[in-house]
Amino acid sequence: MTQATLKIPAQPFVTIETADHLSEHTGSHSLAVFVSSDQKIKASHSLSGLSESVAEVFKLTSFAAGAGELQMDFSAPVKSVDQIVLAGVGDKLMSDTAIQKLASNLISYADKQAETLSLLVDGAFEPRSLEVFILSLLNHTYRFEHFKSKPASRKLAHIKLITHDAELSTRLNYLKAVHTGQSMARDMGNLPGNHCQPMDLARYARCLAKEYPKLLKVKVIDENQIEKLGMGCFMSVTQGSDAEGQLVILEYQGGSKMSDNPVALVGKGVTFDTGGISLKPGAGMEEMKFDMCGAAAVLGTFKALCESGLPISVVGALACAENMPSGKATRPGDVVTSMSGQTVEILNTDAEGRLVLSDTLTYMKQFNPKLVIDMATLTGACVIALGHVQTGLFSTDNELAAKLIEAGHRAGDKAWRLPVEEEYQELLDSPIADMQNIGGRAAGSITAACFLSRFVDYAPWAHLDIAGTAWVSGKSRQASGRPVPLLMSFLSDIED
Ligand code: BES
Ligand code: MN
Ligand code: ZN
């Protein structure tokens, strides 16, 4: 029995709002002023007394204002402000990484120093950078403290964006929706394997639908039905585990009626990946609790859709299973028949993501989607190729690929395209079945994508390999909630 007791939706820890002037505050109040490397204040929004006070400060210090650097610890003569923080934006257009470092430094500063952090944002950033910065600020306020007896102390409770731009508050609502969805994806991802089994993911999806009864419907296909539907590939993964596999279907209807051609989102939800009989080595295996981050991102995107109310129709699927070795587990060399009728020789039971996804992709055909995007922590090879910066993007459709790259760029959640060409397909030839489930060491991420492509013959399709981007590894291991921002940016741009 599992005991998932996490409260959803993820509650934001910190409020954020726009304001057109600095107001009085109870509690400590810091004002962040953005400064470029030539020691110019980057602000089109003047505050009386501000430039003099900063000028005074500049006499006392030699703040280089490199991108992301902070300078603080002096008292501020500006009314109602206890402390001014100079925030360096460098001397050229900041990279997304530099923007994120700046946001991270500001939030750790405020967690120690300020209940309210006001930021003089007008004129400090390019419009796109400002949105990346705001989302990053919000994301740095995220904490996963569900299993801590005592939450860490934090001062920061309110963020205020001081601006004269009335449109920013509309954009802020969108960014809050993205942040809430992303936080939910992170919460799901951060849950360990004993607290997040396929049934738990199904339960969280049902909870979400209860919260937004007008916008969201959820249907859960249990393991019996998965078997009855002829999903031999899906079954080959889930059969080794005592936890029942679940296929969770979500339908979001933000327009007046469900479109005849919704967008389809499919996520890999392997709640723990031991590798199965092709058992993984022990070191670092704990991070395979994150192997459901694709499903978590789909669920988080639905949360963000419900919060933002985008006027479109989206259908989602979470392919949830646990990959375990047992007396019932698939053996290397076993042949199974997929729901599509194609047969698969399973040479490696650790290549399980593509197996649960293949039958799920076949299942999505009935929704007649205008396009399908799947996301999965699919291959270690993708981490070798792209590291932890960009998500791997694979598509047989140039237009869809271009739109996803552009959407990722806008959101500061980038993806890089790798090929899924015919020439790679033969690596999947099997001597006894229609295909084998691995292609060998060469081009491991590409052959995985090739495998998936064989199960989507009904709509333009793209695959996002988030193995390197869905979580941060090591001592500070935690889910990132990517690619929720990319998907929301893509979906914002789509016609129903
Ligand atoms: N979930 C893993 C992929 C993974 C590994 C993601 C490490 C992030 C970090 C996936 O199920 C897997 O095991 N893939 C194998 C495929 C291989 C057997 C062809 C891999 O990448 O080693
Ligand atoms: Mn695996
Ligand atoms: Zn896996």
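Note that ligands are numbered from 1 as they come in the structure, with each ligand's atoms numbered from 1 the same way. Computed from heavy atoms alone, side chains included, the values below leave out hydrogens, waters and symmetry copies.
When heavy-atom distances to ligand 1 are checked against a 4.0 Å cut-off, Phe272 has no atom that comes that close, whether in backbone or side chain. With a 4.0 Å heavy-atom cut-off, ligand 1 is reached by the side chain of Ile438 but not by its N, CA, C or O. When heavy-atom distances to ligand 1 are checked against a 4.0 Å cut-off, Met292 has no atom that comes that close, whether in backbone or side chain. Residue-level proximity to ligand 1 for Glu287 is absent, since no heavy atom of it falls below 4.0 angstrom.
Listed for the Ser358 side chain is a donor-acceptor partner under 3.5 Å among the backbone atoms of Arg354. With Ser241 contributing its side chain and Thr238 its backbone, the two residues share no donor-acceptor pair below 3.5 Å. Glu227 contributes no side-chain N or O that, together with a main-chain N or O of Asp222, makes up a donor-acceptor pair within less than 3.5 Å. At least one donor-acceptor pair closer than 3.5 Å links the side chain of Asn437 to the backbone N or O of Leu347.
Restricting Asp273 to its N, O or S atoms, the one at the least distance from the Mn ion (ligand 2) is OD2. Of all the N, O or S atoms in Asp273, the one closest to the Zn ion (ligand 3) is OD2. The nearest N/O/S atom of Glu352 to the Mn ion (ligand 2) is OE1.
Close approach of ligand 1 to Thr377 is summarised as follows: ligand atoms under 4.0 Å from at least one heavy atom of the residue are 1 (N), 2 (C), 3 (C), 6 (C). Within ligand 1, the atoms closer than 4.0 Å to a non-hydrogen atom of Lys268 are 1 (N), 10 (C), 11 (O), numbered from 1 in the order shown. Ligand-side atoms of ligand 1 in range of Glu352: 11 (O), range being under 4.0 angstrom from any heavy atom.
Taking only nitrogen or oxygen atoms, main chain and side chain alike, Asp350 reaches within less than 3.5 Å of ligand 1. Considering backbone and side-chain N/O of Lys280, one or more are found under 3.5 Å from N/O of ligand 1. Polar contact check, Asn348 against ligand 1: no nitrogen or oxygen pair lies under 3.5 Å apart.
Using a 4.5 Å cut-off on side-chain heavy atoms (C-beta onward), Asn261 and Leu371 make no contact. At a threshold of 4.5 Å between non-hydrogen side-chain atoms, the residues Glu307 and Tyr212 count as touching. The closest side-chain heavy-atom distance from Asp273 to Asp350 is below 4.5 Å.
Nearest protein heavy-atom neighbour of atom 16 (C) of ligand 1: Arg354 NH2, 3.8 Å. The protein heavy-atom contact nearest to atom 8 (C) of ligand 1 is Trp471 CH2, 3.4 Å. Nearest to atom 6 (C) of ligand 1 among the protein's heavy atoms is Ala467 CB, 3.6 Å. Atom 9 (C) of ligand 1 has its closest protein heavy atom at Met288 CE, 3.6 Å. Taking atom 21 (O) of ligand 1 as the reference point, the nearest protein heavy-atom neighbour is Gly380 N, 2.7 Å. Looking only at protein heavy atoms, the nearest one to atom 14 (N) of ligand 1 is Leu378 O, 3.5 Å.
Counted within 6.0 Å of CD on Glu145, heavy atoms from surrounding residues, nucleotides or ligands total more than 12; the atom is thus considered enclosed. Remark: Lys403 NZ is loosely packed, at most 12 non-hydrogen atoms of other residues, nucleotides or ligands lying under 6.0 Å away. Within 6.0 Å of atom CD in Gln366, more than 12 heavy atoms from other residues, nucleotides or ligands are found, so the atom counts as buried in its surroundings.
Coordination check, Asp291 versus the Mn ion (ligand 2): failed, since every N/O/S atom of the residue sits at 2.8 Å or beyond. In summary, no N, O or S atom of Ala376 is located under 2.8 Å from the Zn ion (ligand 3).
Rounded to 10 degrees, the OD2-metal-OE2 angle spanning Asp291 and Glu352 at the Zn ion (ligand 3) equals 100°.
Remark: atom 1 (N) of ligand 1 lies closer than 4.0 Å to at least one protein heavy atom.
Judged purely by distance below 3.5 Å, without hydrogens or angles, the side chains of Gln182 and Arg482 never pair a donor atom with an acceptor atom. Using modelled atom types, one finds a donor on one side chain and an acceptor on the other under 3.5 Å when comparing Trp471 with Glu287.
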### Message
Evaluate Glu223 against Gln246 for side chain to side chain contact (heavy atoms under 4.5 Å, CB included), listing each step before the verdict.
### Response
CA-CA 6 Å; Glu223 192 164 304; Gln246 309 270 290; 5.5 Å; no
### Query
His195 and Phe147: ring-ring contact (aromatic ring centres under 6.0 Å, His included), yes or no, with the steps?
CA-CA 11 Å; His195 288 271; Phe147 299 107; 4.7 Å; yes
